[in-house]
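First up is the structure itself, then whatever we jot down about it.
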Number of protein chains: 4
Amino acid sequence: MTARYDFASDNVAGAAPEALDALIAANSGHAISYGGDHVSAKAADLVRAFLDADADVRFVGSGTAANAISLATLCRPFEAVAAHEHAHVCTDETGAPGFFGHGLGLIALKGGSGLIDPAGLGQALSYPDVSYRQSPAALSLTQATEFGTLYTVDQIKALTGAAKAKGLGVHLDGARLANAIAAGFDPKTIKDLGIDILIIGGTKAGMTPSEAVVLFDPALSRRFDARLKQAGQLPSKSRFYSAPWIGMLESGAFTHRARHANAMAKKLADACPFKVLHPVQANGVFVEMDESTRLRLVDAGWFVFRFLDGSVRLMCAWTTTPEAVEEITAAMESIK
Amino acid sequence: MTARYDFASDNVAGAAPEALDALIAANSGHAISYGGDHVSAKAADLVRAFLDADADVRFVGSGTAANAISLATLCRPFEAVAAHEHAHVCTDETGAPGFFGHGLGLIALKGGSGLIDPAGLGQALSYPDVSYRQSPAALSLTQATEFGTLYTVDQIKALTGAAKAKGLGVHLDGARLANAIAAGFDPKTIKDLGIDILIIGGTKAGMTPSEAVVLFDPALSRRFDARLKQAGQLPSKSRFYSAPWIGMLESGAFTHRARHANAMAKKLADACPFKVLHPVQANGVFVEMDESTRLRLVDAGWFVFRFLDGSVRLMCAWTTTPEAVEEITAAMESIK
Amino acid sequence: MTARYDFASDNVAGAAPEALDALIAANSGHAISYGGDHVSAKAADLVRAFLDADADVRFVGSGTAANAISLATLCRPFEAVAAHEHAHVCTDETGAPGFFGHGLGLIALKGGSGLIDPAGLGQALSYPDVSYRQSPAALSLTQATEFGTLYTVDQIKALTGAAKAKGLGVHLDGARLANAIAAGFDPKTIKDLGIDILIIGGTKAGMTPSEAVVLFDPALSRRFDARLKQAGQLPSKSRFYSAPWIGMLESGAFTHRARHANAMAKKLADACPFKVLHPVQANGVFVEMDESTRLRLVDAGWFVFRFLDGSVRLMCAWTTTPEAVEEITAAMESIK
Amino acid sequence: MTARYDFASDNVAGAAPEALDALIAANSGHAISYGGDHVSAKAADLVRAFLDADADVRFVGSGTAANAISLATLCRPFEAVAAHEHAHVCTDETGAPGFFGHGLGLIALKGGSGLIDPAGLGQALSYPDVSYRQSPAALSLTQATEFGTLYTVDQIKALTGAAKAKGLGVHLDGARLANAIAAGFDPKTIKDLGIDILIIGGTKAGMTPSEAVVLFDPALSRRFDARLKQAGQLPSKSRFYSAPWIGMLESGAFTHRARHANAMAKKLADACPFKVLHPVQANGVFVEMDESTRLRLVDAGWFVFRFLDGSVRLMCAWTTTPEAVEEITAAMESIK
C-alpha cells in the first residue's frame, strides 16, 4: 500500500495547470535577471491590481524567508514581534525571525483557534519599555490562520489599530491568503487595514515555489533588493518566481482553486466521524483523535500530522478530490 | 529595437527542455514536502553517481544562499574565508557570507584570470593567529572561475592541500561547474580534491532555479536541514528544486548543454574583433573595450556588462546560437 | 527623604575594600594589554586553584555578554538553549543569547523556586530532532538561582547527566556563585559536574565590574580571544578586570563577603512580616506583597522590585547592614 | 632584564590619579544600577558641557563595542561603512562591525597618514546603488587618526558634507580624542561637524576602562539602552564606568594628561635617530625601521610593534616620562 499524503499538508500538491502553463510560457527567450525582467514586472502589476494598491511587489522562493525578512525589516535586534503562539513564525521556522533579524525576539500571544486575543495584545503592548526586555516593534498576523480560521476585517482593524497606536509595524503572513480570499476576505480591503508588509503565498495556492512580498509603505522599499540579495532571495532567473502569478491571477485560478480546497474541507468536516475542534473557514479541518487512532489511520494508508494544539490536522489542497474526501472519511469510520 | 540580452549573462536563458520536462513530470500526484519526497531522493542519487561519491546532497533555490550557508558551516563569526578577490562571494552577493555567517570575514586573494595565486594563499595562511584579526578558517574556490578559466586538478590540490594543512575547510563554488566539466574537469575526481562542501549550479546549467549542495564530510550534515530551514532554504515543494536534476543528469544534458555554451564562447573569441583578455576555457569571453565603445554596442542593441577587472564580459549560455555569435561579432566590427 | 536602594539588587553596592585595594595596587606601572598582563595571569591561576581545575580563564566586563558568548560557543544558530523560564538569560538580557548566537533559540523549562524540574528537561530532550524546530544543544543552569535557591550537587548531576547523554553542552551562570559557595556549594566539585563553561560573577560578589569565564573543555578555547575581541569583551587594560579577583580570592573575601550577604538575607527572612515564598538559601528574600503595599514601602523610602514570579524581591549585598535589615523590617511592619 | 612596554601602546598605562580618585569616591554607598545612578548622570552632564552640546551620553566598557554598536545603529546589514583602510574598525576589531551589524560591510578608503582622501570618498559615494553590493550608509572617521595625525575642522566638514549629501550617517572614533583636543581640536565644534555618533575614549586618556558614546541625533537614542543591554554593554554597576569621567573632566586632566603625552611624542620625534614617517600631531611616533633593527630594540628591552603601514609605532601615554623618552632614544641610537 502506498502512503497517501493528500491530507498531510497543502504543500503536498504540485502546481496547478494555470501556474505551470504560465511558467512554460515564460521560459522562452532571454530575459534580464534579478527581478528586472518583463515577466516579473507584469506579475507585480497583476498583484497590485488584485489588491487595488500602489505597492512594491517582489517574488521570493520561500515563505519562511519572506516572513523573516519582513520582520527584520520592521524590527531591530533588540526589539520583538508579537504573534500568535501558534503562528508559523513562532513554531515552524526554526527561529528564522531571530536568524534574519539578528536575535529579534518573539512575544507569544494567546487566542482561540489561532486568532490573537485583543486583550492579550493589549497587555503585551502595555508593558513598560525597559532596557532588559525586547519590547514589541511589530505585530504579525496570519490570515487564514494556522487553524483554518479567519479574522474579520473589524478584528484585524482592532489588532492593527492597537499596534499602530503604539508605533508598531504590521506584517501579515498570507501563506494561505488565497483560502481566506476564497472564503470572502476581500483583497482590495487589505491596503486599508494598517498592514505594512503582506506576504501572499503562491506555493500553497497551487504554484511552483513562490511567495509575493508586498510593501505598502514605500519607505520600507529602500534598498529592499539589496536586502533580498544578501538574504539569498533575489533570484537570478526571476521570471520563474513571477510567471506562475500571471497564470493564476489572470485566470482567476488563484481564488477559484482555493475555493475548491475550502469546499473540500467543508465536505470533509461535514462527514468526519471525529469531533471537529475549530471552525472550518478555509482549507483545514482539525479533529479530536487520540494517538493510537491516528496511528491506525496512518497504518490504513493516510498520513496525517498531529498539530500544535494537540488536534489532528487534515488539510485540503487545490488537488483534493471529493473521492479522496470520501475515502479518508470511510477510513476514519473504519478505524474509529 | 528590442534589447538583446544573449551575452549579458548565462542566467538570462530559460530552462532547457530536459529540465522543464522533468519538472512537468514531477508535478503530478502528491509528494511529501521539505526534501522528503521521492523526486529529491532520486535526484540526490543521481548527483552522487555523477560524482561517484557517497555524500549528502540538498537542493536549494539560490546560489548566494548556497555559498553563504556553506561558508557559515565551515567558519565561526570571528574567522574568515580566503577567496579570490573577484570571487562571487566577495563581490556580488551583497555581503551574504557575513550575513549568514554572522560577521565572518573575507580575505581577498590575488591571482590572474580569477585563479588564486598559491603564493598569496600561502602568505594569508602564514599570518599569526592573533585575536584582533579574523583568521582564515575556510578556503573558497570557484570552478569555472568568474573569468571563464579553469583550475587543473593539480592546481586545486595544491591550494586545498595548503588549506587542509592549516586545518581550514574548503568550499567550491560550482555555479558553472557544468562548464568546467564540459571542458574536461572530471566530476568523479572532485571527492578526492580536499573539498568539504561543493555547490553545483543548476540554474546557469539550464535549469529552473536550483543549486545542489554536496556535503562530502558527514560531520557537516548534522542538523543541516534545520540550518537550511532557518535560512529559508528548505523548500516545502522540494520536488521542484530536484526534478530538473533528474532530467539534466539522466539525459547527459547537464554536460552537453554546457559543452555547447563553451563552444559558442570559443567561436565568439575566435571571431571577436576586440582583444580577448583571459583564456577562453568555459563559457565566458572577456574583452578589452573602452566605455564609449561598450555604450555603442549597447546602443546597437546588445546589452553587455563591464566586469570586475575592467574588461567587458560576453557570456554564452546553453541557448546561445551560432547566429547570435555572428550577429554580435558583426555588431562589434561595426562599432569598433 | 532619599530613596534607599539597599535591597533593590545586589548590584547597588560598590566594590569591597579587598577588590578596590587590589585594583589600586594593579594600577601602577605599564602592563601589556588584551589579557596578556601579569595581573590577569595571576588572577587566572587563583581562579584555577579556587576551582582545583585546569581550565582556561578569561575576565570580561559584563555578565550578559559572558552568558551570551558562552551559549553562542555551545550552540549554532539553528539550535537552542534549554534554561529555566526565569533564568536571567531568558528574561533579563534583552535577547542577548539570540544576538550573540545569531538567532539561537531558548527553550523555557519550568520548576519551583528557579530550580529546573528534571522531568521537564527530560521532556524537552525527548522531542524528535526535526528541521522546523530549534533542537536543544545546550543546557543553562543558574547557581544560586534567580530565586536565591540552590541546587544540590546531585540535582546538578542529574540535569547535566541527562543533557550530556543527549550530546548537549552545559553552561552554568554563576552570577551569584559566591553566595552559593558561601552556603556550602563546594567550588572544587564543579569540575566534575559536567559543566563546559562556567561564569563566576565578580560584580555581585563585591568587585568592580568583572566576570570570570571558565572553559573546562580546552576544545572550546580555540580562538576564544578572537571571539571575545569581536564581541567587544577583550579589554585593552585587562588588568582592571582581573585585579579584583586577586584581592577577593587571596583574602577569602570572595566567600566571606557572600556569607555575610547570605546571613543578612536569613536575618531578614526571619524577621520579615510578609510571607516568604522561596527557601532562603543565598542572599535573596522573596515575599508575598500586593502592589499597593509595595508602593507604600517605596513611598516609605525603600525601593524594591516586583519579580518574575509575582513576588517582591529583597536582595542583600556584601554591604547590607544588620541595621538596614532592621530598618526595612520596621518599615514593612508599619506599612503592612 | 624586564621588558618595558612604555611605548608599545597607550593602553599599557594604568589610570591617572584623577580618574582613580573619582572611582574611589564613587564607590561608597548604594546606587541604582544600569546607568540610572547619580554618578552617571553627573558624568553625562560634564560630557555635554565639555562638548557644549545637548546630546545623549552613555558610558560603556569597550571601544570595539562602542564603535561596532554605533555603526550598527547607522547601517543595516546590507549596507556598508566607508572608513580609512587602516581605521581600527577595519583592521583591529576582529570584524566586530560585521558581528554587531549582522554582516554589514566595510569599504576601505585610502589616504596618507591615516587621513581619508576626499577624492576616494567621493568615488565610493558615486558608485550606483546596486542590489549586489553593500552601498555605503555611514562614514567612519578617526580623530586623532591611527597614525597620530589630525584632521582640520575644514577637512572633517568636507568629508561629512559629502557623506551627508548622500544621506549617510557619520561616526567619529575618538579613542584618542583627548590627544586631538590637547593638540588644538576644539571639542565645542564637534556638534557642528555633521557627526551623528561620537565615541570619546576614556581608556587611552587615562581612565579605567570606559568609553563615552555621544548621540547627537535624538532619533538614534530610541531604545538605545536596550541596544546596549542586548550587546552586553549596559553595565550593572554603571557608576564605575562614569566616575572616571567626573575626575578627568572636572580637573581638566582629560586634556592636560593628553597634552603631556603629545609633548612626549614630540620630544621623542625630535630626538629619534630613525626617520619619522608621519606628522607628529598627537601621541604617536611612526618610524622607518627594518625588522632586524626592531628585534634588536626589543632585545634591548623595549617592546614596540610594527604597524599597519609597515612603520614601527612608538606610542606615548599620560605616564610617559621624559626619562623614558631619553632612554629609548639612547637605546635606538645604540642599536641603529
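Residue numbers start from 1 in every chain, and the chains themselves are labelled A, B, ... in the order their sequence lines are given, proteins ahead of strands. Since this is a predicted model, take the numbers as computed values, not measurements.
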For chain B, which residues of residues 62-76 of chain C have heavy atoms nearer than 4.5 angstrom: C/R76
Greater than 12 external heavy atoms within 6.0 Å of B/K191's NZ: yes
Heavy atoms from other residues, nucleotides or ligands near NZ of B/K164 exceed 12 (cutoff 6.0 Å): yes
Geometric class of the B/F99/C/H102 ring pair [parallel <30°, tilted 30-60°, perpendicular >60°]: perpendicular
Most chain B-contacting option - heavy-atom pairs closer than 4.5 Å, from C/Q134, C/E79, C/R133: C/E79
Neighbourhood of chain B inside residues 222-236 of chain C, taking heavy atoms under 4.5 Å as contact: C/R222, C/R223, C/D225, C/A226, C/R227, C/K229, C/Q230, C/L234
